[in-house]
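Scope of the values below: all heavy atoms of this structure, side chains included, with no hydrogens, waters or symmetry mates. A, B, ... follow the sequence lines: proteins, then strands. Residue 1 opens every chain.
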There are 2 protein chains.
Amino acid sequence: MTEADDTKRKLLEAAGAMFARDGFRAATVRGICSEAGANVAAVKYHFGDKLGLYRAVFRHAFTFAPPPRAPRTGAPVAERLRDWVADFLGSILDLGRPAWHARLMAREMTDPSEVLDEMVATHIRPRFAEMAAIVGELLPGGPPAAIRRAASSVVAQCVFYHHARPVITRLHPAWKFTADEVAAIAEHVAVFSLAGLRASAAAIRSAR
Amino acid sequence: MTEADDTKRKLLEAAGAMFARDGFRAATVRGICSEAGANVAAVKYHFGDKLGLYRAVFRHAFTFAPPPRAPRTGAPVAERLRDWVADFLGSILDLGRPAWHARLMAREMTDPSEVLDEMVATHIRPRFAEMAAIVGELLPGGPPAAIRRAASSVVAQCVFYHHARPVITRLHPAWKFTADEVAAIAEHVAVFSLAGLRASAAAIRSAR
DNA sequence: GAAGCATTCAAACACGTGTTTGAATGCAAG
DNA sequence: CTTGCATTCAAACACGTGTTTGAATGCTTC
């Protein structure tokens with residue numbers, strides 16, 4: 001039993017890396033099984049088929065992903081925004097764990113499958129709602145559309161460093177994302193965004 | 001001769017749509033040829049092989065893509081930034097032609113191939129340089145790293161609406177990108193960014 | 001030890017893929 | 001008309017793929 005669970009786990013890990021690196025279609029069952037030291041038939045036995053394995057990989061990966069840091073509820077809005085950005089950027093730029101979590105997500109982005117719905121519902125929506133709440137405090141009385149746009153601006157500056165990686169690498173080969181640099185980026189995004197949000201608030205007031 | 005050029009053109013267009021929708025690997029030569037009303041062997045004859053067709057599609061697509069609007073050289077920085085954002089957002093959110101240009105690009109992003117290098121050199125780098133120049137004027141004396149980060153913040157807010165589309169659709173099903181909404185987004189991004197850049201400039205001054 | 005069960009294994013199957021072939025076609029020049 | 005050339009075509013080839021099979025293995029329980 002523990003042995004069966006072992007091949008199951010190895011299969012999930014190997015599949016995670018493979019699916020992230022090559023995509024669902026390009027990744028081969030044979031390659032995954034060989035990497036996991038398992039027989040090809042193992043995926044049928046444990047997961048039904050290739051798609052079942054893919055689904056399982058997602059659930060497995062994001063179940064064990066570290067939950068976002070709990071927000072400091074007492075702190076002023078600006079501080080909470082700083083924390084959110086730093087936390088989110090950290091989770092996006094490798095600094096944590098198996099680097100392929102983010103890649104899997106990115107693939108779902110350009111090639112959405114049924115799992116994206118699940119992902120949005122369980123992980124993305126709550127996260128976005130946090131930011132929208134912070135933005136809402138900074139744009140008091142702002143219409144929902146304005147809040148959506150403003151929250152998007154903050155989130156966009158973070159995810160950019162993930163999804164545009166291939167271009168960034170080619171554009172600025174020397175730009176390395178060390179822990180220090182990530183901290184500097186987080187600080188920049190926070191300063192930039194707080195000022196931007198204040199300006200948006202002013203624009204909303206004057207438009208009224 | 002005109003007939004040969006015709007199948008060649010039809011092949012390029014069908015391939016563009018297919019590659020964009022399904023990706024290089026998933027798109028099939030048979031499917032493309034059938035869509036183009038051509039024989040399977042046509043791709044070998046005209047482009048050598050599938051990869052040759054893919055390369056040709058990129059060159060064809062981006063050669064005929066409308067060039068970015070010429071900047072108003074005399075206008076103040078803030079106006080030039082506004083123009084740049086509006087222009088870039090417009091080119092990103094369908095409003096212009098064959099919607100698959102952007103999708104092809106997005107695919108290269110998560111699955112970079114050799115053509116991405118060409119794309120960065122000929123299209124992305126000049127575009128980014130324009131924005132970096134504008135940002136440079138607004139952050140006088142700012143270190144290159146700060147300018148990179150700031151320019152990234154502006155660009156990020158634009159490309160977000162393209163690459164995160166699948167998530168945005170699921171998060172805010174009612175959010176439609178009409179011409180009016182795109183204009184509103186452009187205005188928001190400009191206001192947000194100008195304020196953010198001023199704050200960054202202040203941060204740089206005070207850190208000195 | 002025997003029976004039952006979960007798991008693993010090597011081999012094969014069925015199918016879709018990119019590619020190649022060699023003949024057929026049509027058109028322009030001699 | 002004939003020749004030469006570019007292009008198209010149906011058919012086949014070679015290969016990698018996900019999937020399935022039925023037997024072998026090992027472990028637990030009686």
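- Separating the CD1 atom in A:I134 from the CG atom in A:L139 is a distance of 12.0 Å, to the nearest 0.5 Å.
- Relative orientation of the B:H163 and B:F160 rings is perpendicular, given thresholds of 30° and 60° on the angle between their planes.
- Remark: C1' of C:dT7 and CZ of A:F47 are 14 Å apart, rounded to the nearest angstrom.
- As a whole-Å value, the separation of A:K8 NZ from C:dA6 P is 13 Å.
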* Can you give one letter per nucleotide of nucleotides 9-20 of chain C, going 5' to 3': B for a protein heavy atom under 4.0 Å from the base, S for sugar-phosphate only, - for none? -> BBBB----BBBB
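- At whole-Å resolution of the value, OH in A:Y45 and P in D:dT21 are 16 Å apart.
- Ring-plane geometry between B:H172 and B:W175 is classed as perpendicular, the angle between the planes exceeding 60 degrees on a 0 to 90 degree scale with a lower cut at 30.
- Classification of A:R80 and A:E137 as a salt-bridged pair holds, one side-chain N sitting under 4.0 Å from a carboxylate O.
- Atom CZ of A:F58 is separated from atom CG of A:L116 by 8.0 Å, given to the nearest 0.5 angstrom.
- Across the helix from C:dG1-D:dC30 to C:dG30-D:dC1, the helix axis at one end is tilted relative to the axis at the other end by 10° (nearest 10 degrees, each axis from five pairs).
- The ring-ring contact (aromatic ring centres under 6.0 Å, His included) check on B:F47 picks up nothing, with sequence neighbours excluded.
- Ion pairing between B:R82 and B:E187 holds under the 4.0 Å rule for side-chain N and carboxylate O.
- For C:dT7, the OP1/OP2 oxygens have no side-chain nitrogen or oxygen of A:T7 closer than 4.0 Å.
- Residue B:H46 has no polar side-chain atom (N or O) positioned under 4.0 Å from OP1 or OP2 of D:dA6.
- No donor-acceptor distance shorter than 3.5 angstrom exists from the side chain of A:R165 to the backbone of B:M109, with no hydrogens or angles considered.
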